Amino acid sequence: IEIQISAIKSKEIQKMISDSTLRATVKKGAKLKKTASSLGEVITTLSEDKEVVILDYNKGYFGVCVGSICGYMGDVWVKKDDEIFAFMKSKKAEAKELKELEQEQKLREQKLAWAELEKKYIKKYGEETYKKLQERKYWIGMNREMATIALGTPNDVNTTVGSWGVHEQWVYGNLYLYFENGKLASYQN
């Protein structure tokens, strides 16, 4: 099975090579690596200037093929002409656009998650109470979850356990909340 997978991958690479018209000369001493990284394992070091097929460019590394061997090499080894510079520019623009799309998608997912959380809290505590929590209000009798919704995660929590139960001091800068068995018993600011 692994031989068949390798054969398929080899055919895919050969198709990419034959489809690519972008070629460049790389300098003697260029290192072809398995990964696009300065720490990547070296596949081969070129003993003379060679023509390569350029397949990709990302973050300072070209994806190239030298004959039937493919890998990555730092862009300092590639002799650049106007066509190579244009390719690099287009790949940088593609990467920027992809990053922006990923950020937009992440933001949409965060908004959806927040909307679901809001629904959960409104159902659990009611709209009036949830509105107070959004306004960062706190009061005696609120639970720890409510305090976290209103004020966020505390800077520090000091816990005391005794026969009377669990006492916690939540520290928010100059504000201290004191919980007894999960309910806000007092506060100091």
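Residues take their numbers from the sequence shown, with the count starting at 1. Note that these values count all heavy atoms, side chains included, but never hydrogens, waters or copies made by symmetry. On a predicted model such as this, the values are computed, not experimentally measured, just so you know.
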Point to revise | salt bridge (Lys or Arg N to Asp or Glu O under 4.0 Å) pairs, two or more places apart, involving residues 159-172 | key: R144-E168
**Study point:** Closest heavy-atom pair and its distance - I84, D81
**Key:** N-OD1, 2.9 Å
Practice item. Show your working on side-chain contact (heavy atoms from CB on, under 4.5 Å) between Y121 and I149 and close with a plain yes or no. Key: CA-CA 9 Å; Y121 292 145; I149 295 167; 3.5 Å; yes
Review point. Between Y61 (side chain) and S38 (backbone), is there a donor-acceptor pair under 3.5 Å?
Key: yes
Exercise for review: Would you please test E135 and K131 for salt bridge (charged side-chain N to carboxylate O under 4.0 Å, His left out) and show each step?
Suggested key: CA-CA 6 Å; E135 293 170 354; K131 187 173 188 244; 3.5 Å; yes
Review point. Is V42 linked to V76 within one hydrophobic cluster, defined over Ile, Leu, Val, Met, Phe, Trp and Tyr using a side-chain heavy-atom separation of less than 4.5 Å?
Key: no
Practice item. Consider only side-chain heavy atoms of I, L, V, M, F, W and Y, link residues closer than 4.5 Å, and tell whether L107 and L112 are in one cluster. Key: no
Practice item. Search all heavy atoms of M142 against all heavy atoms of L133 and return the closest pair with its distance. Key: CE-CD2, 3.7 Å
Check your understanding: So, K50 side chain and G67 main chain: donor-acceptor pair closer than 3.5 Å or not?
Key -> no
**Study point:** Rounded distance [0.5 Å steps], CG in L22 versus CZ in F62
**Key:** 8.0 Å
Review point. Do any pairs count as a side chain to side chain donor-acceptor pair (under 3.5 Å) and have a residue in residues 178-189, sequence neighbours left out, and if so which ones?
Key: Y138-N189, Q169-Y178, Y178-Q188
Check your understanding: Members other than V166 in its cluster, when Ile, Leu, Val, Met, Phe, Trp, Tyr link by side-chain heavy atoms under 4.5 Å?
Key -> V161
Review point. With distance as the sole test, does Y172 use its side chain to make a donor-acceptor pair with the main-chain N or O of G152 at under 3.5 Å?
Key: yes
